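Basis for what follows: all heavy atoms, side chains included, without hydrogens, waters or symmetry-related copies. Nothing here was measured: the structure is a model prediction, and the numbers come from that model.
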Amino acid sequence: MASQWIMVLSLLVMWVIPQGSLAADEDPLQDFCVKDTTQQIHVNGFPCKDAAQVQASDFVSTVVKNPGNTSNGLGVAVTAANALTFGGLNTLGVSLARIDFAKNGLNPPHVHPRATELLYLSQGTLVVGFVTSTPENKLFAQTITAGELFVFPRGLVHFQLSTGDGTALAFSSFNSQNQGTSQVAKALFTSSPPIDDAVLEKSLQLSAADVTRLRSLIKKT
Ligand SMILES: *[C@@H]1O[C@H](CO)[C@@H](O)[C@H](O)[C@H]1NC(C)=O
């Protein structure tokens, strides 16, 4: 009798545990669904191109072939190969980004609402880190060198700073066809329409002059 209950309980546990992990994009219901750019209908993802018109070239992308331009205030260029830029990824639940860093370049604190990020550092040295929600605001940071991986859990604020003598190059994979990126400083200070100054002053303990100054500085990055 007891063994039957254990059996029922373990079946329940086996059923419940996977429910918590359905966090990535939904599984595709066909082999592929190359993005159809000719239709203007709104769906979650993109409509599929007629399979008879799909070619091998739909599954090739040169998006991350060349270095991005890091001549900007942060010294970083993120080039994303996701369903927006590479139609073959539509519905497949994966994407990749190339991140070029100038010397001392910074990919500033940001979040990906729809994906965990697995970063592979190909060249250089990075200080990488993320801050958790539970425990509240605990920083996990680490210096990584070429050949190493670092994982940023989905939805958490994270950053990458190049600290080596020269440039750095990383490739990040995401378990979403469209990971989404929200840069913390830009979301707060450069939204359209702008967040009320009173909200920024109070939440960040800034003066009105500070807010004005930060709005214009952050807009330039
Ligand atoms: C890189 O960006 C800078 C600033 O926008 C621009 O002046 C420069 O021409 C760009 N370089 C290349 C190779 O596109």
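Atom CG of L96 and atom CG of L118 lie 10.0 Å apart (nearest 0.5 Å). Between atom CD of residue E148 and atom OG1 of residue T143 there is a gap of 9.5 Å, rounded to the nearest 0.5 Å. The line from CZ of F152 to NE2 of H110 is 7.5 Å long, rounded to the nearest 0.5 Å. Taking OG of S203 as the reference point, atom CG of L188 lies at 7.0 Å (rounded to 0.5 Å).
Judged by distance alone, with hydrogens and angles left aside, the side-chain atoms of T212 form a donor-acceptor pair with the main-chain N or O of A208 at under 3.5 Å.
No more than 12 heavy atoms of other residues, nucleotides or ligands shown are found within 6.0 angstrom of CD on E26. Summarising the local packing, CG of D50 is surrounded by more than 12 heavy atoms from other residues, nucleotides or ligands at distances under 6.0 Å.
Figure legend: K138 and F140 shown as a cation-pi pair, the cationic atom lying under 6.0 angstrom from the six-membered ring centre and within 45 degrees of its axis.
Put simply, the side chain of D25 does not reach to within 4.5 Å of the side chain of T91, judged on heavy atoms. Here the side chains of F130 and F159 are not in contact, with every heavy-atom distance at 4.5 Å or above. P28 is listed as a side-chain neighbour of L92, based on a closest heavy-atom distance under 4.5 Å. Contact annotation: the side chain of L126 never approaches that of T163 to less than 4.5 Å [non-hydrogen atoms, C-beta and beyond]. Using a 4.5 Å heavy-atom cutoff, the side chains of V34 and N90 are not in contact. For the pair E201/S207, no side-chain contact is recorded, criterion being any heavy-atom separation below 4.5 Å from C-beta on. Using a 4.5 Å heavy-atom cutoff, the side chains of L169 and I99 are not in contact. Between S95 and Q177 there is no side-chain heavy-atom pair separated by less than 4.5 Å.
Shown are Q179, H158, R154; of these, the side chain to side chain donor-acceptor pair (under 3.5 Å) with E117 is made only by H158.
Taking the six-membered ring for Trp and the full ring otherwise, F150 and Y120 have centroids separated by 6.0 Å or more.
The list of disulfide bond (SG atoms under 2.5 Å apart) pairs with a residue in residues 40-144, not counting sequence neighbours, reads C33-C48.
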Assess whether side chain to side chain donor-acceptor pair (under 3.5 Å) is satisfied between T38 and D36, documenting all intermediate values.
-> CA-CA 6 Å; T38 64; D36 183 348; 2.6 Å; yes
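Side-chain atoms of H112 and T181 include a donor-acceptor pair closer than 3.5 Å.
Looking at K49 and D58, a side-chain N of the basic residue comes within less than 4.0 Å of a carboxylate O on the acidic one, giving a salt bridge.
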